[in-house]
Amino acid sequence: MHKLIARALLFLFLAACTFCAIASEREVVAKIYGRAIYRDELQGNDKNLESLLIAPLFERFAAENHIRATESEIEEFITATAGISPSATLPEQRAVMHDMGKNFVLGWKINKALYKKYGGDVIFQQANPLEPVGAERRFLEEQEKSGSFQILDAKERAKFFEYYVRPQHFVIPPSEVNYDLPWWKGVKSRQ
């Protein structure tokens with residue numbers, strides 16, 4: 001019986017050593033709020049450094065600035081963009097539409113707050129008619145400087161910031177940037 005227990009413990013010890021060796025060989029590419037991001041996490045089609053860094057940074061910015069999407073704003077977004085009342089849909093559709101609406105409303109409010117705080121260039125994008133790339137760049141640089149995130153691989157860092165530092169197309173003149181009214185309030189409902 002003691003031999004069986006000793007063998008089991010030896011097996012567990014060797015397995016743990018193997019796991020530790022594999023884990024220590026993983027290359028840390030970046031860190032966000034102290035959590036390591038490994039190169040192998042960037043392998044999937046929908047995984048890149050931006051997707052792993054931007055969301056947590058913006059989520060914290062929203063929380064610190066008390067930014068949230070209200071239910072009435074979400075319903076207003078859905079009605080304006082989908083042309084139907086959320087209550088007229090199936091529960092599964094309603095949940096998907098609600099999540100989408102929440103993300104768009106929250107994104108717009110975060111963009112508005114970033115632009116108000118940092119200013120800079122705003123560009124037109126099809127999915128986001130007023131994207132404050134200049135404000136996003138300044139925010140990201142500030143977050144990096146404060147240690148909220150760190151990109152350890154020089155090539156990955158350059159790739160991450162490339163979107164924000166390159167010359168932008170479709171820059172909206174500052175006199176035409178207006179975050180007073182959400183863009184979807186200008187969409188004519190199909191109802």
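Under a hydrophobic clustering in which Ile, Leu, Val, Met, Phe, Trp and Tyr are joined whenever their side-chain heavy atoms come within less than 4.5 Å, directly or via other members, F149 and V165 fall into different clusters. Both L114 and F161 are assigned to one and the same hydrophobic cluster, defined by single-linkage of ILVMFWY side chains at heavy-atom distances under 4.5 Å. Residues I37 and V28 fall into different hydrophobic clusters, defined by Ile, Leu, Val, Met, Phe, Trp and Tyr side chains chained together at heavy-atom separations under 4.5 Å. Grouping the Ile, Leu, Val, Met, Phe, Trp and Tyr side chains by contacts below 4.5 angstrom, directly or via other members, places I32 with L49. Transitive grouping of hydrophobic side chains (ILVMFWY, heavy atoms separated by less than 4.5 Å) keeps Y118 and I172 in distinct clusters.
The shortest distance between side-chain heavy atoms of R137 and L140 does not fall below 4.5 Å. Put simply, the side chain of K102 does not reach to within 4.5 Å of the side chain of F77, judged on heavy atoms. When side chains are defined from C-beta on, L57 counts as touching S148, because their heavy atoms get closer than 4.5 Å. Here the side chains of F58 and E136 are in contact, with some heavy-atom distance below 4.5 Å.
A donor-acceptor pair under 3.5 Å links the side-chain atoms of N178 to the main chain of D180, judged by distance alone. The backbone N or O of R68 lies less than 3.5 Å from a partner atom in the side chain of K109, making a donor-acceptor pair. Counting only distance, with no hydrogens or angles, the side chain of E176 and the backbone of P173 share no donor-acceptor pair below 3.5 Å. In this structure, the side chain of T79 does not engage the main chain of E76 through any donor-acceptor pair within 3.5 Å. Formation of a donor-acceptor pair under 3.5 Å by the Y179 side chain with backbone atoms of L130 is found in this model.
The distance from the CD atom of E73 to the CH2 atom of W184 is 7.0 Å, given to the nearest 0.5 Å.
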Go through the steps to decide whether E131 and Q168 satisfy the test side-chain contact (heavy atoms from CB on, under 4.5 Å), and finish with yes or no.
CA-CA 11 Å; E131 182 179 355; Q168 296 290 338; over 6 Å; no
Stepwise side-chain contact (heavy atoms from CB on, under 4.5 Å) test for Y38 and V29:
CA-CA 5 Å; Y38 298 95; V29 176; over 6 Å; no
D153 and E27: CA distance, side-chain angles, deciding distance, side-chain contact (heavy atoms from CB on, under 4.5 Å) verdict
CA-CA 10 Å; D153 180 286; E27 180 187 1; 4.0 Å; yes
Given side-chain contact (heavy atoms from CB on, under 4.5 Å), test L42 with E156 step by step and report yes or no.
CA-CA 10 Å; L42 307 177; E156 289 292 341; 4.1 Å; yes
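Around CZ of F170, the count of heavy atoms belonging to other residues, nucleotides or ligands within 6.0 Å does not exceed 12.
By the side-chain hydrogen bond (donor to acceptor under 3.5 Å, both in side chains) test, R138 is found to be paired with no residue, residues two or more places apart in sequence or in another chain being considered.
Using a cutoff of 4.0 Å between basic side-chain nitrogens and carboxylate oxygens, R35 and E41 are scored as salt-bridged. Salt-bridge formation is not detected for the pair K159/E162: no Lys NZ or Arg NE/NH1/NH2 atom is positioned less than 4.0 Å from an Asp or Glu carboxylate oxygen.
Here the closest heavy-atom approach between residue A113 and residue F61 is recorded as CB-CE2, 3.8 Å. Nearest approach of G120 to Y115, heavy atoms of both residues: O-CE1, 3.4 Å. Of all non-hydrogen atoms in P132 and V122, the two that sit nearest each other are CA-CG2, 4.0 Å.
Checking E50 against Y163 by side-chain atom types alone, no donor-acceptor pair falls below 3.5 Å.
Taking the six-membered ring where the residue is Trp, Y164 and F160 present tilted rings, their angle falling between 30° and 60°.
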